[in-house]
Amino acid sequence: MFNFLKRNSDNLPDFWRTYENKFQQKTVDEIDKNRFIVLDTETTGFDYENDRILCIGALALHDNKIEIKNGFEVFLIQEVYGKESVKIHGILKNTKRPKITEIEALELFLDYIGNSIIIAHHTFFDITMLNNALLRNGLPKLKNRLLDTSTLYKKTIIKSNLLSKKNSYTLDDLADKFSISKKDRHTAMGDSYITAILFLKIVSKLKEKKEITLKYLFK
Amino acid sequence: MKNTISHRVADFLKNFPPFNELTDQEIELISEEITIVYKEKENIIFSEKEKGHSHFYVVHKGAVSLSKPESNTIVDMCDEGDIFGLRPLMANENYELQAKAHEESILYAIPISVFKPVALTNTAIGNFVIESFASNTRNPYSKNHRGKLFIDNTININSDTEKSASDFKLIDLQPVHYSKKIISCDTNTTVKEAAKIMTEKKVGAILVVHDKLPVGIITDKDLRNKVVTGAYPITTTAGAIMTTPVITYPSTLTITQAQMAMMKSNISHLCLTADGTVDTKAVGILSKHDVMVALGHNPAVLIKAIKRAKKTKQIKSIRKSIMNLLKGYLDQNIPMTLISKIISELNDACIKQIITISLDKIEEKPPVKFAWLSLGSQGRSEQMLHTDQDNALIFEDVSEENLPKTTFYFINLAKAITKRLNTIGYDYCPAGMMASSSKWCLSVSEWKKTTSHWIINPGIDEVLLAAIFFDYNAVYGENSLAHELSNHIFYTVKKYPIFFVHLAKGALQNPSPTGFFRQFLVEQDGAHKDSFDVKNRALRPLTDAARVLILSHSIKSINNTAERFEKLAELEPNNKEIYLACSYASKALLKFRTKQGLNHNDSGRFIDLKTLSKEEKIKLKRTFKTIKEIQELVTLRFQLKSM
């Protein structure tokens, strides 16, 4: 059975194959029993083609617990640099933080996430940035299942024609709504933490209505 | 690994004992090893007799109750910054208490293997932990006895003290909260001036100091007995009429000690000084009132405390006392009418104070007059427990060009208010019916237009909105605005009587409480499967029926369901019996719901039938007969059968 995989990934490095192999394990239906990776990226800008990832921050969530020492935070060496976004997250090109190359970061990242379910706020943006980075390094797209707290939140709102639903909820909107402290907002790790707590609170809110399984979150 | 989150945790920890004794490096080291644990409300963190975890816990957000489940006594409530679950740190034993998330909570789990070496080398920390463990009080420094060494025979003694402490009502041993802002005057100050200061600061006693040391005290009683009687002129000095010497105590006094001290000397104020003698600086004043608040026995005292509160956090803790009061009332079987009056009065006072605080904090003063309306159960004075907030805001008409600006101002104000209400325990309304939404923050004319629209076009949504809105009660601000709107509503429904038919129809649409064989109908699915929805199936039909009937009589300003039925009994003597039965039923059901809610720390809406005694079940079923009868009356009255 490995032959089939091999043919597709002949030119791919070992760490990708290790990552790929982890997906033979199935997810379980009880939400708490799964490992989730809550992530956020800081980038040089919002252009999927030309902008680059500055920092990846992620936390592992398992059984409603987050171990701080198992957090993931890497800063990337930059070639491209947008002045605009520096104002937001304050990562300057020549700060003293230890930095690594894009491919090193991706290797560490893939090893860290494994087959966990990825959670982010406006997941599409972060995942596209990551997939484009993978592509630049001749690697396929991420294989993980994805959840987005901005869409999950909509499940908690009562369906009623009395209410006007907003189309999009920012992380700030929801942090306020759920009384989550916005300390460390606009750092990858800080935003991951806010997103993680937000995810837990949304799931707890959904549970109030009925018992839910993992399947429901992906519906 | 050092990262952003470990910094965040360290920043939090260093504000609380014992971590404030640690060096930054030590806190960092511990923070990096912490696991963040999220617990939903009512989730167990550890149970009695459970094997000790490899961590102990700090509450970051929320609250955790420590209790003895078999006797149902809560031994301690841990708030933000409190530590618990220390037993495995002290001894290799199983837990003696159960720890449960009283609210949704975020905890920091600190590995014992990391913390222990630090605690062993730092006696201040070791002592704090021993004391916390032994006494279960929040601030162990307040107790007289002190632990000695970290690991020695005290462990065994401690496990005994823990047992005996849990038999106590622990609140008595907690340190008192006294006012740290000391209102004082000099011995040369005139009595008139002193009285002015007391009035301004709203206090009943003023401390007289000389060379920064307390030499005497003047209370309201002194002013009455010595000045108003004419014994001393108003121009006399404070030194002449003060009671001296002052009775002083150390600030580490517990509530029980304070009570004893006041009884012993028959005084209402204690002066707290740095070392407890008159030779050191005064650090605070403790009044009988403070003691009463701490004990939470007296609604009048609580009202006073609410009115004095300057911070949302203070009101949050007062609300805990209100819940204690409510529980006590129910245990003593005090009539529900009285209970709901007192509790709603207290709840209203909290909301009022929250609005006052919000107005103080906002820079601009309101451009025009406004009123804050409580809707739904709160408007009907039937909200005993913490439930969702439903509210609206109405403001004076302004010119068209000023309307957007004015609306913007009030929405912002409402946002600040609803946020604070959320902090003190009112959940946000899931349907967004709050004054912070543009639909529920309108000028008088806009409200008139909206309510007219509901009345003239009574679709299902409009009737539902009207039903929620029409039980409004102006808790704060300009009452006349609410009156004006009420008059408009009554005028409009008279013109469009068809609205009553729709409102009545809405009142009959609630699911029935019992099935064909008189068995309880329980929920078929969802999280509350097999439990009985007392709100929708029993309380709501009564509330809805009362509303449509009372509106059809054009009676305003009675919002409470039970009172509405009493009024109806008066207006329609031929139906007196059924109305009085309804009044009784609504009180009984509300009591039922409140008791359930207090026992389960929720809204009490869903009742697990298995937990009811036979007698309770019969009682509950008796109210259903009444519900059926009133629904028949509504059907006949508004001729719904023929529709």
Side-chain angles (χ1 to χ4, degrees), chain A residues 32 38 40 55 57-75 97-98 156-166 176-181 183-194 196-201 203-212, chain B residues 1-12 30-43 55 60-62 101 104-111 114 415 419 422-423 427-433 437-440 459-462 464-465 468 523 525-529 602-603:
Chain A
D32 298 349
V38 194
D40 183 60
C55 170
L59 292 161
L61 178 66
H62 186 244
D63 189 20
N64 286 343
K65 289 184 188 128
I66 301 164
E67 285 184 37
I68 290 177
K69 62 170 178 241
N70 290 339
F72 181 87
E73 193 171 37
V74 291
F75 294 86
R97 302 235 195 199
T156 67
I157 311 175
I158 293 176
K159 283 194 189 70
S160 156
N161 28 5
L162 307 177
L163 289 169
S164 43
K165 250 191 214 186
K166 268 210 239 175
D176 283 341
K177 238 180 180 111
F178 286 89
S179 318
I180 304 168
S181 149
K183 203 166 183 295
D184 304 319
R185 179 87 176 86
H186 297 302
T187 65
M189 200 75 168
D191 283 359
S192 308
Y193 179 72
I194 295 170
I197 299 298
L198 183 60
F199 172 75
L200 290 166
K201 290 196 174 213
V203 169
S204 144
K205 192 113 198 158
L206 290 171
K207 278 192 199 156
E208 275 173 24
K209 287 192 215 154
K210 58 176 184 181
E211 268 173 54
I212 54 166
Chain B
M1 192 182 81
K2 222 177 217 163
N3 60 39
T4 313
I5 303 302
S6 73
H7 287 307
R8 182 186 178 123
V9 171
D11 269 350
F12 172 81
I30 289 172
S31 298
E32 283 160 30
E33 299 295 325
I34 281 175
T35 299
I36 300 166
V37 183
Y38 173 82
K39 287 284 171 188
E40 283 162 31
K41 185 173 171 178
E42 298 291 294
N43 269 5
H55 301 81
H60 171 53
K61 282 274 155 63
E104 175 188 53
S105 301
I106 297 172
L107 312 172
Y108 291 157
I110 300 180
V114 178
K415 271 185 187 156
K419 190 163 183 187
N422 180 257
T423 310
D427 282 344
Y428 289 122
C429 171
M433 286 175 193
S437 124
S438 56
K439 278 186 187 165
W440 297 86
I460 292 173
D461 293 341
E462 284 77 13
L464 185 68
L465 286 169
I468 297 167
E523 302 313 301
D525 47 21
H528 302 287
K529 191 168 180 294
D602 58 16
S603 71

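Worth saying up front: this structure is predicted, and the values here are computed from it rather than measured. Numbers restart at 1 for each chain; the letters A, B, ... are given by sequence-line order, proteins then strands.
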Atom pair CD (B:Glu40) and CD (A:Glu208), whose distance is rounded to the nearest 0.5 Å
8.5 Å

Nearest atoms (heavy-atom pairs only) where A:Ser204 meets B:Glu104
OG-OE2, 4.1 Å

Any salt bridge between B:Glu33 and A:Lys69, counting N to O under 4.0 Å?
yes

Side chain, backbone, both or neither: which part of B:Ser31 has a non-hydrogen atom closer than 4.5 Å to chain A?
backbone

Nearest 0.5 Å please: distance from the CG atom of A:Leu200 over to the CD1 atom of B:Ile36.
10.0 Å

Shortest non-hydrogen contact from B:Asn422 to A:Ser179?
OD1-OG, 3.3 Å

Chain B contact via A:Leu59 - which portion, at a heavy-atom distance below 4.5 Å:
side chain

Which atoms of B:Lys61 are under 4.5 Å from chain A, going by heavy atoms: the side chain, the backbone, both sets, or neither?
side chain

Shortest non-hydrogen contact from B:Thr35 toward A:Glu67:
OG1-CG, 3.2 Å

Mind checking whether A:Tyr193 and B:Arg8 have side chains closer than 4.5 Å, heavy atoms only?
yes

Scored by heavy-atom pairs under 4.5 Å with chain B, the best of A:Ala188, A:Ser181, A:Ala196 is A:Ser181

Please name all residues satisfying side-chain contact (heavy atoms from CB on, under 4.5 Å) with B:Lys41, sequence neighbours left out, ordered by chain then number.
B:Asn601

Roughly how far, to the nearest 0.5 Å, is OH of B:Tyr38 from CG of A:Asp63?
13.5 Å

One should read off an interatomic distance between B:Lys419 NZ and A:Lys177 NZ, to the nearest 0.5 angstrom, of 12.0 Å

Scored by heavy-atom pairs under 4.5 Å with chain A, the best of B:Leu107, B:Ile106, B:Asn43, B:Thr423 is B:Ile106

With rounding to the nearest 0.5 angstrom, report the CE to NE2 distance, A:Met189 to B:His7.
10.0 Å

Taking every heavy atom of A:Lys65 against every heavy atom of B:Val37, the minimum-distance pair comes out as CG-CG2, 3.9 Å

Run the ring pair (Phe, Tyr, Trp, His ring centres under 6.0 Å) test against B:His60 and tell me which residues pass, sequence neighbours left out.
B:Phe12, B:Tyr108

